[in-house]
Protein chains: 2
Amino acid sequence: MPAESDCTEMLDSETKAVETPEDHADELRLWLRLLTCTTLIEGEVRGRLRQRFDVTLPRFDLMAQLDKAPDGMTLSDVSKRMMVSNGNVTGLVERLVESGHLDRRTSETDRRVQVIRLTKLGRAEFRRMAAEHETWIADLFADLTPKDVRELMRLLAKTKASAQKSAARRRP
Amino acid sequence: MPAESDCTEMLDSETKAVETPEDHADELRLWLRLLTCTTLIEGEVRGRLRQRFDVTLPRFDLMAQLDKAPDGMTLSDVSKRMMVSNGNVTGLVERLVESGHLDRRTSETDRRVQVIRLTKLGRAEFRRMAAEHETWIADLFADLTPKDVRELMRLLAKTKASAQKSAARRRP
DNA sequence: TGAAAACATTTTAGGCTTAAAACAATTTGG
DNA sequence: CCAAATTGTTTTAAGCCTAAAATGTTTTCA
């Protein structure tokens, strides 16, 4: 009875690589750790936004998208950028228009399209929140060296590309 | 009028480090990239779970926790592990008991405590899903080398510790 | 012992989120 | 030109999620 091989790839009797029940425990652990980090930070930011500014994270995120687009965005654009469903954006925008933070108008050239912008109030409030938000993030990542940050950026870029490729394989 | 310094830390007229409006753009970008990766992968997993097994991600996550605890867990344990609110767990458990995947009983020794376990059905279904789930994760991370995975694990561990420290500073 | 504190869970109210279907407007291709 | 496909948004139904208050139970400690 042969001892177990230490080889990663098992060879069959014809010396050809064979399908083994592969061990993907490391990738699984990596995914769980990634998720933990994100959940942890997201929860912290959510809580601080609520306490300091009485605003929800999704509202803040939507305003952040619009702050980068002075000429406004369509709902579809927002939906893609935020990676959330269309219906989600509809409701979010509704509430932000209601509270006076957003301005929504139908496009002149394509009556299907809704263009939304930050109002003066919306922009002012967002800028105030964003300034503080940036310090929270800096604090949350405070123990990472600049090199750590660079390296994480690189590896996460690679991760993103890998995941996008995998997603595209399934849904071409 | 002096030219702008290239120094990271500015010095004032008395040659003492001075508060500058610090630039945390890198950390902010890192956070957004982290969030993008997680959202991307999470969405992909959510979609596959729904298509293949008609199960939601939160249900799967809860079953995953219980699979690791053959003797069951209290609702508080689950809540802490999953990093979600207590009320959230209550509802999730309710639906999973309803569908026959979970068994819930009041602790003999402490009538405040509810202990939940996977039923035979729940465990069987979870194992079936988990096997496939693992291959999805492997595929999503397929372009990372083993070294990349190790390095990411290390950096995310550091990130997690940093974030926990920051959270504890605020909420001691 | 017995009131106060701590703990585990549920309830409440409101908002977020999704997938799928429906609707409306525009573009495309025969 | 016009029917079909595509695109942008909203609606629907169901479930997820949170914070805060409420409920019931156990522990603490004066």
Side-chain angles (χ1 to χ4, degrees), chain A residues 35 38-40 42-63 72-99 101-102 104-116 171, chain B residues 35 38-40 42-63 72-99 101-102 104-116 171:
Chain A
L35 191 54
T38 300
T39 306
L40 185 60
E42 199 170 53
E44 198 59 26
V45 171
R46 183 195 310 282
R48 297 192 198 202
L49 281 173
R50 188 182 40 73
Q51 283 202 350
R52 273 296 276 126
F53 301 113
D54 194 33
V55 75
T56 67
L57 183 52
R59 275 167 159 92
F60 177 83
D61 287 343
L62 176 37
M63 289 195 268
M73 296 174 81
T74 69
L75 297 201
S76 286
D77 288 347
V78 173
S79 164
K80 273 174 207 120
R81 286 296 195 95
M82 293 181 72
M83 299 194 279
V84 300
S85 67
N86 286 339
N88 190 356
V89 174
T90 296
L92 222 34
V93 166
E94 221 157 56
R95 287 182 288 269
L96 280 164
V97 168
E98 169 66 26
S99 63
H101 294 84
L102 258 57
R104 169 176 41 186
R105 64 188 56 171
T106 303
S107 161
E108 303 277 329
T109 59
D110 185 340
R111 277 180 308 177
R112 288 171 302 181
V113 174
Q114 301 285 313
V115 178
I116 54 176
R171 212 181 344 80
Chain B
L35 190 54
T38 300
T39 306
L40 186 60
E42 198 170 54
E44 198 59 25
V45 171
R46 184 194 309 282
R48 297 191 198 202
L49 281 173
R50 189 183 39 73
Q51 283 202 349
R52 275 292 279 126
F53 301 113
D54 193 33
V55 77
T56 66
L57 183 52
R59 275 168 161 91
F60 177 83
D61 286 344
L62 175 38
M63 287 196 270
M73 296 174 81
T74 70
L75 297 201
S76 286
D77 287 347
V78 171
S79 166
K80 274 174 208 120
R81 285 296 194 93
M82 294 181 72
M83 297 194 280
V84 301
S85 66
N86 287 339
N88 190 358
V89 173
T90 296
L92 222 34
V93 166
E94 221 158 57
R95 288 183 288 269
L96 279 165
V97 168
E98 169 66 26
S99 63
H101 293 84
L102 259 55
R104 169 176 41 184
R105 63 187 58 171
T106 302
S107 161
E108 303 278 329
T109 59
D110 185 340
R111 277 181 306 179
R112 288 172 301 182
V113 173
Q114 301 285 312
V115 178
I116 55 176
R171 210 181 346 79

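Chain letters run A, B, ... following the sequence lines, proteins first, then strands; residues in each count from 1. Quick note: numbers below take in every heavy atom, side chains included, and nothing from hydrogens, waters or symmetry partners.
The CG-P distance, from A/Asp54 to C/dG14, rounds to 14 Å in whole Å. Counting to the nearest Å, the P atom of C/dA8 and the CG atom of B/Asp77 are 9 Å from each other. Atom CD of A/Glu108 and atom P of C/dA25 are 15 Å apart (whole Å). Between A/Glu42 atom CD and C/dC16 atom C1' the separation is 12 Å, expressed in whole Å.
Nearer the 5' end of DNA chain D, as judged by each residue's closest nucleotide, is the contact made by A/Gln114, out of A/Gln114 and B/Met82. Nearest-nucleotide positions on DNA chain C place B/Asp110 closer to the 5' end than the other of A/Pro58 and B/Asp110.
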- Task: Sugar-phosphate atoms are those with a prime plus P, OP1 and OP2; base atoms are the rest. Using that split, label each nucleotide of nucleotides 19-24 of chain C B, S or - for protein heavy atoms under 4.0 Å, 5' to 3'.
- Result: SS----
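With rounding to the nearest 0.5 angstrom, the CG atom of B/Leu102 is 8.0 Å from the CE atom of B/Met63. For the atom pair CZ (A/Arg48) and CG (A/Leu57), the distance works out to 13.0 Å, reported to the nearest 0.5 Å. Distance check, rounded to the nearest 0.5 Å: CG of A/Leu35 to CG of A/Leu40 gives 11.0 Å.
Contact annotation: A/Arg59 reaches the phosphate of C/dC16 (side-chain N/O to OP1 or OP2, under 4.0 Å).
Of the possible donor and acceptor atoms, one in the side chain of B/Ser99 sits under 3.5 Å from a partner among the backbone N and O of B/Leu96.
The residue A/Ser79 sits apart from the nucleic acid: no heavy atom pair falls under 4.0 Å.
Side chains of B/Thr109 and B/Ser107: a donor on one and an acceptor on the other come within 3.5 Å. B/Gln114 and B/Thr106 are linked by a side-chain donor-acceptor pair at a separation below 3.5 angstrom, with hydrogens and angles left out of the test.
From the 5' end on, the contacts that DNA chain D makes with chain A at under 4.0 Å to a non-hydrogen atom open and close at D/dT7 to D/dA20.
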Could you list the donor-acceptor pairs under 3.5 angstrom formed by side chains in residues 80-91 of chain B, with sequence neighbours left out?
residue, atom, partner, partner atom, Å
B/Ser85, OG, B/Asn88, N, 3.3
B/Asn86, OD1, B/Ser79, OG, 3.0
B/Thr90, OG1, B/Asn86, O, 3.4

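Not counting sequence neighbours, B/Arg95 has no partner by the salt bridge (charged side-chain N to carboxylate O under 4.0 Å, His left out) test. Remark: A/Arg59 pairs with no residue by the salt bridge (charged side-chain N to carboxylate O under 4.0 Å, His left out) rule, at least two apart or across chains.
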- May I have the step-by-step check of side-chain contact (heavy atoms from CB on, under 4.5 Å) for B/Val55 and B/Arg50, ending in yes or no? CA-CA 5 Å; B/Val55 77; B/Arg50 189 183 39 73; over 6 Å; no
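Put simply, the residue from A/Val93, A/Asp61, A/Ile116 that forms a side-chain contact (heavy atoms from CB on, under 4.5 Å) with A/Val78 is A/Ile116.
A heavy atom lying under 4.0 Å from DNA chain D marks the following residues of residues 89-98 of chain B, by number: B/Leu92, B/Arg95.
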